[in-house]
Amino acid sequence: KEPHRMVPNQPCSMATLAKLGVLYWKLDADKYEQDERLEAICKVRGYSYKEVLTISKDTLPGYDEKVKMFYQEHIHEDEEIRYVLDGRGYFDVRDLDDRWIRIECT
């Protein structure tokens, strides 16, 4: 998808995202398998499940069907972590006034 922005763009602060429960860490993607900082975050936040996905037509069976869910609003009951090793993606969240905030993850 194309990056969509309000015109003029309205940036969102990390403090605002934190109030919504969106947390951010900058980690070294080259050492994700042995990253002590990532392990500490997982332990403190209670993250126990990990999987590595390559979201590409060449590597993800049923790609077209699976990516459709990314474009439909849905709620995650449990807190989750997303660690982008390569490429980029967007996550959309609603603010306290029910407005959309688009977050680019790289």
Side-chain angles (χ1 to χ4, degrees):
K1 281 270 196 189
E2 292 295 315
H4 297 285
R5 294 180 181 227
M6 298 182 83
V7 178
N9 189 38
Q10 296 179 8
C12 180
S13 71
M14 295 304 295
T16 298
L17 290 175
K19 288 178 186 175
L20 299 173
V22 177
L23 306 176
Y24 166 85
W25 298 276
K26 180 76 173 174
L27 302 170
D28 184 350
D30 291 330
K31 64 176 193 175
Y32 76 95
E33 292 180 288
Q34 294 89 24
D35 191 335
E36 292 178 12
R37 191 162 166 236
L38 175 59
E39 289 304 316
I41 292 166
C42 290
K43 184 176 181 179
V44 167
R45 305 298 306 173
Y47 305 142
S48 59
Y49 178 75
K50 293 180 187 175
E51 74 178 330
V52 177
L53 296 174
T54 301
I55 301 174
S56 147
K57 284 187 177 187
D58 297 332
T59 60
L60 185 63
Y63 172 86
D64 291 321
E65 284 302 311
K66 289 185 180 175
V67 297
K68 283 181 184 178
M69 74 175 189
F70 296 138
Y71 299 106
Q72 296 176 354
E73 182 176 4
H74 58 280
I75 295 174
H76 294 257
E77 295 297 326
D78 297 318
E79 187 173 309
E80 296 182 358
I81 189 170
R82 295 290 188 251
Y83 194 156
V84 178
L85 299 175
D86 186 34
R88 72 173 173 211
Y90 298 94
F91 288 94
D92 296 326
V93 298
R94 291 184 185 267
D95 71 8
L96 298 176
D97 295 319
D98 207 31
R99 294 175 299 189
W100 286 105
I101 298 172
R102 173 152 285 180
I103 304 165
E104 180 182 22
C105 300
T106 58

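We count residues from 1, following the sequence as given. All figures in this text were calculated on a predicted structure; none of them were measured in a lab.
The side-chain hydrogen bond (donor to acceptor under 3.5 Å, both in side chains) analysis of residues 23-41, with sequence neighbours excluded, yields the pairs Glu39-Lys50.
Contact of the Ile55 side chain with the Phe70 side chain is registered, since non-hydrogen atoms from C-beta on lie closer than 4.5 Å. Thr106 is not listed as a side-chain neighbour of Val84, based on a closest heavy-atom distance of 4.5 Å or more. Using a 4.5 Å heavy-atom threshold, the side chains of Asp92 and Ile103 count as separate. Inter-residue side-chain proximity for Arg102 and Val93 is flagged as unmet; no heavy-atom pair is nearer than 4.5 Å.
Within a 6.0 Å sphere centred on CG of Asp64, heavy atoms belonging to other residues, nucleotides or ligands number more than 12.
One N or O on the side chain of His74 and one on the backbone of Gln72 form a donor-acceptor pair closer than 3.5 Å. At distances below 3.5 Å, at least one donor-acceptor pair connects side-chain atoms of Thr59 with backbone N or O atoms of Thr54.
Under a hydrophobic-cluster definition in which Ile, Leu, Val, Met, Phe, Trp and Tyr are linked whenever side-chain heavy atoms come within less than 4.5 Å, directly or via other members, Val52 and Tyr63 are assigned to different clusters. Hydrophobic clustering, with ILVMFWY side chains joined whenever heavy atoms are under 4.5 angstrom apart, keeps Phe91 apart from Ile41. Note on Leu27: it clusters hydrophobically with Leu85, by side-chain heavy-atom contacts below 4.5 Å among ILVMFWY residues.
Using a 4.0 Å cut-off between a side-chain N of Lys or Arg and a carboxylate O of Asp or Glu, Arg82 and Glu80 qualify as a salt bridge.
Within the model, atoms OG of Ser13 and NZ of Lys19 stand 7.0 Å from one another, a figure rounded to the nearest 0.5 Å. Atom SG of Cys105 is separated from atom OH of Tyr90 by 10.0 Å, given to the nearest 0.5 angstrom. Atom-to-atom distance recorded for Tyr83:OH and Cys42:SG is 10.0 Å, nearest 0.5 angstrom. Atom CG of Leu60 and atom CG of Leu53 lie 7.0 Å apart (nearest 0.5 Å). With values rounded to the nearest 0.5 angstrom, Ser56 atom OG is found 10.5 Å from Asp86 atom CG.
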- Task: Could you go through the side chain to side chain contact (heavy atoms under 4.5 Å, CB included) check for Ile101 and Leu17 one step at a time?
- Result: CA-CA 9 Å; Ile101 298 172; Leu17 290 175; 4.2 Å; yes
*Carefully, step by step, assess Glu77 and Ile75 under the rule side chain to side chain contact (heavy atoms under 4.5 Å, CB included).*
CA-CA 6 Å; Glu77 295 297 326; Ile75 295 174; 4.0 Å; yes
message: Could you walk me through whether Leu38 and Ile81 satisfy the side chain to side chain contact (heavy atoms under 4.5 Å, CB included) test, starting with their C-alpha distance in whole Å, then the side-chain angles of each, then the deciding distance to 0.1 Å, before giving a yes or no?
response: CA-CA 10 Å; Leu38 175 59; Ile81 189 170; 3.9 Å; yes
Practice problem: Check step by step if side chain to side chain contact (heavy atoms under 4.5 Å, CB included) holds for Arg99 and Arg94. | Solution: CA-CA 5 Å; Arg99 294 175 299 189; Arg94 291 184 185 267; over 6 Å; no
